[in-house]
Amino acid sequence: MTTIIKKLISQIKRVITKIKTNVKIQSIPFDTEYLGNNPYGSWTYAVTPNLKKSTIILCGAGEDISFDIEFSSKFKSSTFIVDPTPRAVFHVKEALKRIGNNKEKEYQPGGYQDIKSYDMRFIKKDQIKLIENALWNQNKKLKFYCPKNPNFISHSILNFQNDYSDDSVAIEVDAINIKNLLKKIGLENKNIDILKLDIEGAEHEVIYDLISNKIFPKQILVEFDELAMNTSRAIKRFKNTHKILSESNYKLFARKVYDFSYLYCP
């Protein structure tokens, strides 16, 4: 199959999935902006009054933390990056070694950024902290399944990239639930200004865990990764989770392919 045909099939799948997951974008009383390498590493957020020196938890780093760096620089936030993937851990740690340095390269398309593409001039020491856990709804050691393509980085607890198989290649990681994550980083008052979930299918279980524990981040930026598979299971899970968020006073104010941005409006 040629590259052109593969791209065409992928585009058709995206259109079909978008139609099947068509949900209303709601108006909110705030402007919206996006930061990060567009389109891959960028996220849309609501410009609410509380963002200056806010506390944000960004789950799923990969090798593009352009949003994480740009948001932290702009709003002087206390930023926690959560990802146990070895390549992601290395990438974040190498980037943080450059605190105080200007960017030397431009962003590149795709999922990998050279650490010299990050403008680190306005990042303070210890402003960004790395948590080497996988966010889940339990505290236990879990298999973290490798992607089908070894060149890719995104591992998954659910292993949807490999048809949910139990016997594909995996590493073992320490999973943590939201209550213990907040305790670990000293946020037992549950005051999360932005929670980003780019966690390869585990977002549903984590969101259910959030709501059941009455933890309501002011904004939830979530990629529903399974939708890329265009399966009935993925679409059903998305609709259920979107319904739960809507019934918990979250308004969907932006969407970019599989990335959804919600604002808590109690």
Side-chain angles (χ1 to χ4, degrees), residues 40-41 43 55-65 67-68 78-96 111-112 128-188 190 192 194-213 215 217 220-229 233-234 237-238 241 258-260:
Y40 184 87
W43 289 86
T55 299
I56 64 174
I57 300 175
L58 308 175
C59 303
E63 292 170 319
D64 185 334
I65 54 171
F67 173 82
D68 315 44
S78 294
T79 300
F80 298 90
I81 297 176
V82 183
D83 198 321
T85 314
R87 275 171 53 186
V89 168
F90 178 80
H91 186 81
V92 174
K93 287 182 176 179
E94 288 299 299
L96 294 180
Y112 171 79
I128 299 176
K129 296 182 174 66
L130 174 64
I131 310 296
E132 296 180 39
N133 291 102
L135 187 60
W136 184 234
N137 60 359
Q138 300 176 63
N139 304 292
K140 60 189 297 186
K141 288 191 179 293
L142 286 177
K143 285 184 177 181
F144 208 36
Y145 293 96
C146 303
K148 187 177 295 186
N149 187 331
N151 293 320
F152 295 166
I153 184 173
S154 298
H155 289 52
S156 171
I157 290 174
L158 296 183
N159 202 22
F160 72 90
Q161 307 104 316
N162 295 290
D163 300 320
Y164 304 96
S165 169
D166 290 329
D167 59 2
S168 55
V169 179
I171 61 174
E172 190 175 73
V173 297
D174 291 312
I176 191 170
N177 67 13
I178 188 65
K179 287 182 70 175
N180 278 278
L181 174 62
L182 294 180
K183 187 180 296 185
K184 183 173 184 174
I185 63 182
L187 276 182
E188 293 182 65
K190 306 176 184 177
I192 311 169
I194 290 181
L195 174 65
K196 184 197 82 174
L197 298 174
D198 186 359
I199 51 178
E200 306 304 315
E203 60 273 3
H204 301 283
E205 285 76 10
V206 168
I207 288 171
Y208 303 156
D209 194 37
L210 279 169
I211 303 304
S212 64
N213 282 287
I215 298 171
I220 297 177
L221 315 181
V222 52
E223 181 175 15
F224 290 106
D225 296 275
E226 282 179 292
L227 290 179
M229 310 306 291
R233 168 181 170 146
R237 275 163 60 81
F238 161 74
T241 302
Y258 310 128
D259 295 349
F260 293 71

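Small disclaimer: the values here were computed from a predicted structure and weren't measured.
- Other residues, nucleotides and ligands contribute more than 12 heavy atoms inside 6.0 Å of the OH atom of Tyr208.
- Glu223 pairs by the salt bridge (charged side-chain N to carboxylate O under 4.0 Å, His left out) definition with nothing, not counting sequence neighbours.
- In this structure a side-chain-to-backbone donor-acceptor pair under 3.5 Å is missing from Glu94 to Val92.
- Rounding to the nearest 0.5 angstrom, the gap separating the CD1 atom in Ile199 from the CG atom in Leu135 is 5.0 Å.
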Test side-chain contact (heavy atoms from CB on, under 4.5 Å) on Ile65 and Glu63 and set out the steps. CA-CA 6 Å; Ile65 54 171; Glu63 292 170 319; over 6 Å; no
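- No donor-acceptor distance shorter than 3.5 angstrom exists from the side chain of Arg237 to the backbone of Phe224, with no hydrogens or angles considered.
- Under a cut-off of 6.0 angstrom, the local environment of NZ in Lys184 is crowded, with over 12 non-hydrogen atoms contributed by other residues, nucleotides or ligands.
- Remark: the backbone N or O of Asp225 is paired with a side-chain donor or acceptor of Glu203 at under 3.5 angstrom.
- No option in Ile131, Leu221, Leu197, Asn133 other than Leu197 meets the side-chain contact (heavy atoms from CB on, under 4.5 Å) test with Cys59.
- Here the side chain of Asn213 pairs no donor or acceptor atom with the backbone of Ile215 at under 3.5 angstrom.
- The residues Lys93 and Glu132 are annotated as salt-bridged, a charged nitrogen and a carboxylate oxygen being separated by less than 4.0 angstrom.
- Proximity of a side-chain donor or acceptor of Asp83 to a complementary backbone N or O of Ala88 within less than 3.5 Å is not detected.
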Could you go step by step and tell me if Ile176 and Asp174 meet the side-chain contact (heavy atoms from CB on, under 4.5 Å) rule? CA-CA 7 Å; Ile176 191 170; Asp174 291 312; over 6 Å; no
Could you go through the side-chain contact (heavy atoms from CB on, under 4.5 Å) check for Trp43 and Ile194 one step at a time? CA-CA 11 Å; Trp43 289 86; Ile194 290 181; over 6 Å; no
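- Taking all atoms of both residues into account, the shortest heavy-atom contact from Trp136 to Ala175 is CB-CB, 3.9 Å.
- Taking the six-membered ring where the residue is Trp, Phe260 and Phe238 present tilted rings, their angle falling between 30° and 60°.
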Criterion side-chain contact (heavy atoms from CB on, under 4.5 Å) on Thr55 and Leu187, from CA distance to verdict: CA-CA 9 Å; Thr55 299; Leu187 276 182; 3.3 Å; yes
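- Every residue two or more places apart in sequence or in another chain was checked for a ring pair (Phe, Tyr, Trp, His ring centres under 6.0 Å) with Phe80, and none qualifies.
- Of the inter-residue distances, the one linking Thr85 atom OG1 with His91 atom NE2 reads 12.5 Å to the nearest 0.5 angstrom.
- Scanning all heavy atoms of the two residues, the minimum distance from Val173 to Ala134 falls at CG2-CB, 4.0 Å.
- Using a 4.5 Å cut-off on side-chain heavy atoms (C-beta onward), Gln138 and Asn177 make no contact.
- Residue Lys196 is tested with Ile56, Val222, Leu58, Ile57 for a side-chain contact (heavy atoms from CB on, under 4.5 Å); the sole match is Leu58.
- Atoms CG and CG, from Asp64 and Asp198 in turn, are 10.0 Å apart once rounded to the nearest 0.5 Å.
- With a 4.5 Å cut-off on side-chain heavy atoms, Leu182 and Ile192 count as touching.
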